[in-house]
Enquirer: 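Before we start, here is the structure in question, set down as structure tokens.
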Number of protein chains: 2
Amino acid sequence: MEFDLLLPTLQQSQWFSSLPIELQQTIVTTGTTKQLKQGHYLHRKGDKVDGLYCLISGKLRVSNLTLAGQELILTWLQVGNWFGEISMFDGLPRTHDAIAEQDCILLKLSNQDFEQLLAKQPNLYPHFMRLLCQRVRTTFKLIDEMASLSLKGQLCRRLLLLAEGLELWPTGSIISDAGLFKLTISQESLALMLHSSRQTVNKILKELQAEGLLKVHYGQITLFDKSRLLSLSQV
Amino acid sequence: MEFDLLLPTLQQSQWFSSLPIELQQTIVTTGTTKQLKQGHYLHRKGDKVDGLYCLISGKLRVSNLTLAGQELILTWLQVGNWFGEISMFDGLPRTHDAIAEQDCILLKLSNQDFEQLLAKQPNLYPHFMRLLCQRVRTTFKLIDEMASLSLKGQLCRRLLLLAEGLELWPTGSIISDAGLFKLTISQESLALMLHSSRQTVNKILKELQAEGLLKVHYGQITLFDKSRLLSLSQV
DNA sequence: AATAAACTGTCGCCAAATAGACAATTGGAT
DNA sequence: ATCCAATTGTCTATTTGGCGACAGTTTATT
């Protein structure tokens with residue numbers, strides 16, 4: 001795959017862009033691209049590991065099924081996000097389902113490529129450990145927030161996360177607050193992420209709209225005031 | 001520190017006991033022990049990293065404060081548990097408070113020792129990556145359960161976790177079901193772990209007692225039937 | 001332009017959980 | 001033996017959110 005073509009996309013990842021340029025180059029030249037049609041699974045929970053991925057274009061939904069058969073959405077992966085590293089590093093089965101919500105293009109680093117790479121250059125290990133650490137920190141933060149925030153606070157938090165991309169914010173970072181931001185997501189989907197109901201999400205969104213923070217459209221939400229959303233996502 | 005003295009304790013960790021014996025030995029001889037009096041903090045959220053720890057004796061509470069000042073208990077660490085690896089590997093601040101609930105003895109592997117160890121033997125990296133992966137898997141599981149289980153299910157799950165130790169269960173593993181198990185914990189503390197209220201926890205415990213699964217005492221709970229608790233912790 | 005499908009807005013009812021209050025019980029300390 | 005602090009048990013009132021129902025709106029398709 002051509003380096004210059006992929007680079008702008010890959011650079012959107014905080015993790016990737018912090019890698020030494022040689023490693024970036026190695027990853028791109030070693031990796032292969034893969035197409036995935038809308039509605040198809042990239043993998044299911046319990047699948048054997050096949051590689052580490054970066055989403056180049058499209059949209060992936062990451063979720064699990066409860067025993068009752070309800071889908072619990074963990075998150076959507078955005079262009080530039082890396083994922084699949086856990087099974088990659090411990091060899092155990094996938095933790096979640098990953099489904100293409102749109103046609104996707106992925107950059108794939110296979111097991112074998114990965115092992116060879118690290119065998120040759122063990123000094124690269126710390127970089128991949130940082131990727132894992134970032135994942136743990138994000139999930140810890142999620143647990144805290146699920147427990148301590150009101151539903152309204154959780155919703156504000158999610159809207160921001162979806163707008164800003166899913167990577168961990170450096171503590172105290174200032175959110176880019178330039179103008180509006182249009183999110184394409186249904187209230188039903190939001191409810192599945194919050195493990196709440198569509199009706200309740202609708203009610204809260206209407207409140208936020210009345211407060212002038214956002215505007216609700218058909219299948220879309222326009223964020224007006226990210227900084228006020230941020231302050232609300234602490235209550 | 002003497003290898004033979006610590007070994008039985010350290011072996012309680014699934015992770016540690018899976019390490020090659022030379023690495024086990026290196027860790028014990030490199031590490032230093034540290035005492036921590038009851039009520040003292042080992043570290044607070046946001047602290048700079050100083051090392052990787054294993055709890056040798058005593059009991060540590062891991063928690064966070066909400067903005068409202070309420071303590072959210074993530075878990076109790078049991079003898080044999082390793083922790084503190086995240087900050088160790090990415091160099092960023094601690095994610096939680098860690099407080100001694102009893103006098104504690106800890107085995108500490110300092111930053112410097114750790115870095116020297118890995119610089120000399122980069123083939124050890126995968127072992128530490130497995131430790132991190134285990135942490136991510138445990139937290140993902142926690143997120144799923146918080147979202148999908150009823151409060152009763154969550155409570156059953158926690159009681160089992162407290163009884164069995166906190167390390168990730170291999171999928172489908174059979175719980176040691178030999179006889180009774182006495183947990184020393186107040187209903188108030190359980191409520192803080194579940195992010196629920198004391199009254200509600202009390203009500204559910206009484207239900208479980210009526211069903212013959214356990215018996216409630218002052219500051220203690222005796223588990224009678226772990227396998228039935230397990231089946232309840234899936235609803 | 002007509003139709004179907006997906007999504008939103010809003011009822012009202014019900015179950016679950018919170019929170020305050022207070023009595024009763026237990027265990028440790030003096 | 002007595003007292004105190006911590007913990008438990010159990011009431012209430014109140015809040016929150018889930019869920020069914022259904023009408024209205026938007027978008028895509030033909």
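To find a chain, count down the sequence lines: A is the first, B the second, and so on, and within it residues start at 1.
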Enquirer: For residues B:Leu60 and B:Cys104, report the shortest heavy-atom separation together with the two atoms involved.
Expert: CG-SG, 4.2 Å
Enquirer: Hey, what are the protein-to-nucleotides 12-18 of chain D N/O distances that come in under 3.5 Å?
Expert:
| residue | atom | partner | partner atom | Å |
| --- | --- | --- | --- | --- |
| D:dG18 | OP2 | A:Ser196 | OG | 3.1 |
| D:dG18 | OP2 | A:Ser197 | N | 3.4 |
| D:dG18 | OP2 | A:Ser197 | OG | 3.2 |
| D:dG18 | OP2 | A:Thr200 | OG1 | 2.8 |

Enquirer: Tell me the interatomic distance from B:Glu207, atom CD, to D:dG9, atom P, rounded to whole angstroms.
Expert: 13 Å
Enquirer: Any idea which heavy atoms bring B:Arg158 and B:Leu194 closest together, and the distance?
Expert: CG-CD2, 3.4 Å
Enquirer: Does either side chain, that of A:Asn202 or that of A:Thr200, offer a donor lying less than 3.5 Å from an acceptor on the other one?
Expert: no
Enquirer: Might you point out which heavy atoms bring B:Thr95 and B:Ser87 nearest each other, and give the distance in Å?
Expert: N-OG, 4.5 Å
Enquirer: For DNA chain C, find the residues of residues 208-216 of chain B with a heavy-atom distance under 4.0 Å and give them by number; none if there aren't any.
Expert: none
Enquirer: Tabulate atom names and distances for all N/O pairs under 3.5 angstrom spanning the protein and nucleotides 21-28 of chain D.
Expert:
none

Enquirer: Mapping A:Gln70 and B:Ser186 onto DNA chain D by nearest heavy atom, which one lands closer to the 5' end?
Expert: B:Ser186
Enquirer: Enumerate the salt bridge (Lys or Arg N to Asp or Glu O under 4.0 Å) contacts for residues 190-202 of chain B, please, sequence neighbours excluded, ordered by first and then second residue.
Expert: none
Enquirer: Which pair of heavy atoms, one from B:Gln38 and one from B:Glu101, lies closest together, and at what distance?
Expert: NE2-O, 3.1 Å
Enquirer: Of the non-hydrogen atoms in A:Leu232 and A:Cys156, which two are nearest, and what is the gap between them?
Expert: CB-SG, 3.7 Å
Enquirer: So A:Phe83 and A:His43, would you call those rings parallel, tilted or perpendicular, with 30° and 60° as cut-offs?
Expert: tilted
Enquirer: Closer than 4.0 angstrom, basic N to acidic O: yes or no for B:Arg44 and B:Asp97?
Expert: no
Enquirer: Can you tell me the distance, in whole Å, between the NZ atom of B:Lys206 and the P atom of D:dC11?
Expert: 12 Å
Enquirer: For B:Asn202 and D:dG9, is the shortest distance between a side-chain N/O and OP1 or OP2 below 4.0 Å?
Expert: yes
Enquirer: May I have the step-by-step check of side-chain contact (heavy atoms from CB on, under 4.5 Å) for B:Leu155 and B:Leu205, ending in yes or no?
Expert: CA-CA 9 Å; B:Leu155 179 52; B:Leu205 282 174; 4.0 Å; yes
Enquirer: Test side-chain contact (heavy atoms from CB on, under 4.5 Å) on A:Leu92 and B:Arg137 and set out the steps.
Expert: CA-CA 10 Å; A:Leu92 297 173; B:Arg137 285 177 183 271; 3.3 Å; yes
Enquirer: For the residue pair A:Trp82 and A:Phe16, does the interplanar ring angle fall in the parallel (under 30°), tilted (30 to 60°) or perpendicular (over 60°) class?
Expert: parallel
Enquirer: Grab the two heavy atoms, one from B:Val79 and one from B:Gln12, that are nearest each other, plus how far apart they are.
Expert: O-OE1, 3.5 Å
Enquirer: Only one of B:Lys59, B:Lys37, B:Lys34 forms a salt bridge (charged side-chain N to carboxylate O under 4.0 Å, His left out) with B:Asp103, so which one is it?
Expert: B:Lys37
Enquirer: Walk along DNA chain C from 5' to 3' and tell me the first and last nucleotide with an atom closer than 4.0 Å to a non-hydrogen atom of chain A.
Expert: C:dA6 to C:dT10
Enquirer: Yes or no on side-chain contact (heavy atoms from CB on, under 4.5 Å) for B:Leu72 and B:His195, after CA distance, side-chain angles and deciding distance?
Expert: CA-CA 7 Å; B:Leu72 296 176; B:His195 318 302; 3.2 Å; yes
Enquirer: Take the C1' atoms of the five end pairs on each side of the helix from C:dA1-D:dT30 to C:dT30-D:dA1, get both axes, and report the angle to 10 degrees.
Expert: 40°
